[in-house]
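Report on one structure; see the data block that follows.
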Amino acid sequence: MRTSQYLLSTLKETPASAEVISHQLMLRAGLVRNLASGLYTWLPTGLKVLRKVENIVREEMERANAIEVLMPMVQPADLWEESGRWEDYGPELLRLKDRHNRAFVLGPTHEEVITKLVANEINSYKQLPLSVFQIQTKFRDEIRPRFGIMRGREFLMKDAYSFHLGEECLKKTYQKMFDAYCRIFDRLGLDYRPVIADTGSIGGEASHEFHVLADSGEDEIAFSDNSDFAANVEKAEALAPQGERAEPTQEISTVELKLERLIKTSNLDLKTTVKTLLVLGTATEGEPEKIIALVLRGDHQLNEVKVENLSAIASPLTFATDEQVSAIANCHSTSLGPKGLAVDVIVDRSAAHLSDFVCGANVNGQSYTGVNWQRDCGEINIQDIRNIVTGDPSPCGSGNIIIKRGIEVGHIFQLGDKYAQAMNCGVLTENGKNQILTMGCYGIGVSRIVAAAIEQNHDKYGIKWPAAIAPFQVAIVPMNMAKSARVKETAEALYEQLQQAGIEVIFDDRKERPGVMFADHELIGTPILLIVGERNLDEQNIEVKNRITGEKLLMPISDVMSLFK
RNA sequence: CGGUGAUUAGCGCAGCUUGGUAGCGCACUUGGUUUGGGUCCAAGGGGUCGCAAGUUCGAAUCUUGCAUCACCGACCA
């Protein structure tokens with residue numbers, strides 16, 4: 001490729017709208033352009049990278065015996081009604097109508113379509129197990145698209161689905177996929193971790209996420225400092241504190257300050273206080289809305305995922321309005337406390353372990369000290385409803401927790417039969433009976449990987465691509481080619497030779513000053529720069545600069561091809 | 001969905017307080033100059049100032065509404 005005939009589209013200045021480094025560099029290096037909120041055009045250089053990621057993913061899927069298909073992005077709404085997700089999915093699902101007024105959705109995922117397909121195509125146990133995958137554009141109407149490609153509304157995803165007669169077979173394929181994912185991220189050259197994950201709205205049993213570690217990541221991951229344990233903070237169990245709860249030593253007394261003021265003025269340790277949140281309980285038909293109180297130790301944070309997984313709590317989690325709060329406690333939410341609340345109370349394990357604690361008194365501007373659970377609040381329902389924090393004992397039983405941020409680039413699930421059941425996807429077994437299939441599903445955010453790779457591999461000059469996904473393997477940068485016939489001949493010959501050898505080479509044949517060319521190629525992140533200049537031609541040498549290490553060395557022109565063996 | 005802010009040339013921004021011929025830097029075009037790290041000089045092209053309504057002799061500037069984009073928040077101790 002010659003730059004003079006290519007769409008380089010690099011920018012000197014950083015567009016104001018780009019927040020994270022990967023977004024800035026993707027715009028500056030001419031990989032993508034923004035079209036509308038969460039929608040991006042892939043420019044030639046970006047597309048090259050995207051295709052490389054795609055191909056690695058494809059090769060490893062095929063190696064894991066998955067077969068490629070391509071399903072429509074636009075899907076009929078009745079499929080989604082059949083699975084129940086037309087109601088469940090919410091506004092993230094973009095719904096649209098065709099000219100005949102028939103309802104469709106833009107596919108955020110393809111469980112329905114693939115399950116329908118398999119239900120129609122697969123009839124016998126002899127055809128199982130089956131794994132299929134596709135690499136297709138998805139659309140999710142995110143509340144808040146951000147960080148450029150990282151959380152766009154339209155994105156490229158690899159999604160795979162496996163079908164089995166039973167749990168045992170599913171587990172085998174799940175492990176195979178797990179291994180395939182590790183190979184993919186190894187080949188991509190990324191620093192990643194598989195972590196135990198919540199199964200979320202898709203449902204099912206076991207699940208792992210694959211995270212690329214980066215400070216800008218949107219997820220928090222809990223690691224043990226003494227074992228391989230790693231889990232999404234959403235999922236990581238916070239163990240109950242050791243030992244028995246201490247006996248009460250204080251009587252309740254009332255303080256004429258709201259809890260917040262009390263904490264500030266008397267320098268109270270948050271660990272001796274509790275906070276109380278009112279949320280909606282599961283709706284039952286014909287009954288008035290039920291409110292449930294959640295109680296956490298003051299220094300802890302509510303884990304929404306854990307709470308939503310409790311059967312008593314409405315999903316999605318909804319906080320009580322100020323009106324609902326006053327109706328129940330006759331005070332503002334900042335003065336709530338568990339004593340004397342006329343609703344069901346769910347107490348976090350750590351909060352439940354306290355004695356002589358401080359809390360709101362359910363009267364505006366008043367708090368209690370010296371409160372004790374059994375004595376003052378009666379029987380309580382104890383659950384794990386908080387986020388694990390640094391220093392907590394690891395749920396695996398070994399070591400303590402440290403927390404790092406990660407970008408979720410892959411997620412695998414053992415789905416079970418939720419969709420197969422709903423779409424009546426079964427086969428005849430050996431003894432001639434129909435049996436509903438068990439499914440697994442396996443996603444990789446292909447476009448997000450491009451952004452994640454940049455988050456992890458950049459410096460002040462630009463992107464430092466891992467070799468496997470660099471848009472070009474090598475750039476030829478001639479010094480003052482317009483004036484020197486020798487430089488031109490040498491550069492052209494090199495270009496010819498590299499092309500012949502099937503190496504992805506970009507030849508900077510623009511009439512630009514050296515500084516401009518260096519800056520562009522460093523921004524784009526081509527791993528090797530071949531610098532052709534008068535300076536070294538007398539000795540028939542060429543300068544080779546490694547973008548990753550910054551090393552420069554001289555080598556005879558005739559040896560250049562050895563770099564690519 | 002709530003809060004905040006922005007919207008003026010392809011990009012980054014000034015001008016708005018105090019209404020009166022629309023500017024700067026980068027990029028682009030042409031000529032010259034320079035040539036191993038974003039040269040320098042000169043000339044030039046490009047904008048219904050987000051949209052709509054209002055106030056006014058006159059609106060980028062004041063008022064109102066709308067749209068789009070971005071950031072923050074959605075944890076209520």
Side-chain angles (χ1 to χ4, degrees), chain A residues 8-20 23-24 27-28 30 33-39 90-92 141-148 257-264 268-279 291 293-304 307 316-322 324-326 329 331-338 348 351 357-361 367-368 385-387 461-462 477-484 487 508 510-523 529 531-537 542-543 545 552 554:
Chain A
L8 216 45
S9 289
T10 52
L11 301 173
K12 208 166 178 175
E13 286 175 280
T14 304
S17 60
E19 176 83 352
V20 294
H23 189 198
Q24 294 174 2
L27 292 170
R28 288 227 292 133
R33 286 292 180 264
N34 180 251
L35 178 65
S37 182
L39 303 178
E92 247 177 61
D141 200 355
E142 295 281 349
I143 298 179
R144 190 177 155 200
R146 61 183 134 178
F147 302 154
L257 280 173
K258 71 172 173 179
L259 191 45
E260 195 182 337
R261 296 288 309 160
L262 179 61
I263 289 166
K264 272 195 191 129
L268 263 185
D269 186 349
L270 284 174
K271 287 179 182 159
T272 66
T273 69
V274 303
K275 54 183 170 182
T276 307
L277 318 170
L278 295 186
V279 301
I291 306 269
L294 305 176
V295 179
L296 294 154
R297 215 170 71 184
D299 59 321
H300 285 151
Q301 294 211 313
L302 182 67
N303 182 309
E304 293 195 19
V307 173
L317 182 66
T318 314
F319 286 93
T321 61
D322 288 347
Q324 287 169 321
V325 172
S326 345
C331 70
H332 191 256
S333 55
T334 54
S335 295
L336 287 171
D348 181 68
F357 59 84
V358 180
C359 65
S367 308
Y368 289 136
I385 57 171
R386 71 169 172 97
N387 280 340
Y461 301 110
V477 186
M479 297 294 104
N480 197 17
M481 188 169 75
K483 284 274 168 65
S484 165
V487 168
D508 205 333
R510 293 175 298 174
K511 195 172 175 251
E512 283 290 356
R513 294 174 56 80
V516 175
M517 294 196 279
F518 286 132
D520 274 347
H521 292 290
E522 277 158 8
L523 179 58
L529 259 55
I531 302 157
V532 184
E534 275 292 333
R535 198 185 275 180
N536 301 310
L537 277 183
I542 192 167
E543 185 178 329
K545 182 166 180 188
K552 291 187 210 174
L554 285 179

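Note: hydrogens, waters and symmetry copies are ignored here, and every other heavy atom, side chains too, is used. The chains referred to below are lettered A, B, ... by the order of the sequence lines, with proteins before strands, and numbering in each begins at 1.
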Paired to A14(B) by Watson-Crick or G-U wobble criteria (both distances under 3.5 Å) is none
From the list A77(B), G36(B), C13(B), which nucleotide is the closest neighbour of the side chain of I531(A)? G36(B)
Using the test side chain to side chain contact (heavy atoms under 4.5 Å, CB included), find all partners of K483(A) that sit at least two apart in sequence or belong to another chain. N480(A)
Scan nucleotides 22-28 of chain B nucleotide by nucleotide, 5' to 3', and note B when protein non-hydrogen atoms come under 4.0 Å of the base, S if they reach only the sugar-phosphate, - if neither. ---BSS-
If you look at every strand shown and take non-hydrogen atoms under 4.0 Å, does K258(A) touch a base, only sugar-phosphate, or nothing? nothing
Can you tell me, in whole Å, how much space there is between the C1' of G36(B) and that of U68(B)? 46 Å
Any chance you could lay out the side chain to side chain donor-acceptor pair (under 3.5 Å) test for T14(A) and Q24(A), step after step, and finish with the verdict? CA-CA 6 Å; T14(A) 304; Q24(A) 294 174 2; 4.8 Å; no
Determine whether a donor-acceptor pair (one donor, one acceptor, N or O, separation below 3.5 Å) exists between the side chain of D520(A) and the base of G37(B). no
Separation of the C1' atoms in U8(B) and G15(B), to the nearest angstrom: 9 Å
Whole-Å C1' distance, G5(B) and A42(B): 41 Å
Could you tell me whether I143(A) contacts a base, only the sugar-phosphate backbone, or nothing, with contacts defined as non-hydrogen atoms closer than 4.0 Å? base
Nearest to the side chain of R535(A) - G73(B), G36(B), C69(B)? G36(B)
Hunt down the Watson-Crick or G-U wobble partner of G3(B), both distances under 3.5 Å, from any strand shown, or write none. C71(B)
Of P15(A) and R28(A), whose nearest nucleotide on RNA chain B comes first from the 5' end? P15(A)
When the C1' atoms of A22(B) and G65(B) are considered, how many whole Å apart are they? 26 Å
For U29(B) and G46(B), measure between their C1' atoms and round to the nearest Å. 11 Å
Measure CD/E92(A) against P/C1(B) and give the value in whole Å, please. 14 Å
What is the distance, to the nearest angstrom, from the NE2 atom on H300(A) to the P atom on A77(B)? 17 Å
Using whole Å, what does the distance between atom C1' of nucleotide C1(B) and atom CD of E142(A) come to? 15 Å
In whole Å, what is the span from the CD1 atom of I542(A) to the C1' atom of G36(B)? 14 Å
If you take atom types as modelled and just measure distance, does the side chain of K545(A) reach the base of G37(B) with a donor-acceptor pair under 3.5 Å? yes
With nearest nucleotide decided by heavy atoms, which residue, G515(A) or A16(A), maps closer to the 5′ end of RNA chain B? A16(A)
Restricting to side-chain hydrogen bond (donor to acceptor under 3.5 Å, both in side chains), what partner residues turn up for N536(A), sequence neighbours left out? none
Considering only the P atoms, how many Å lie between A52(B) and G38(B), rounded to the nearest integer? 45 Å
What's the CZ-C1' distance between R144(A) and U4(B), to the nearest Å? 12 Å
C69(B) and G12(B), which share atom name P, separated by this distance in whole Å: 15 Å
Please report the C-alpha distance between D269(A) and K271(A) in whole Å, then the side-chain angles of each, then the deciding distance to 0.1 Å, and finally whether the salt bridge (Lys or Arg N to Asp or Glu O under 4.0 Å) criterion is met. CA-CA 5 Å; D269(A) 186 349; K271(A) 287 179 182 159; 5.4 Å; no
C1' atoms of A59(B) and C16(B), separation to the nearest Å: 10 Å
Side-chain-base donor-acceptor pair under 3.5 Å for E543(A) and G36(B): yes
The Watson-Crick or G-U wobble partner of G47(B), with both key distances under 3.5 Å, is none
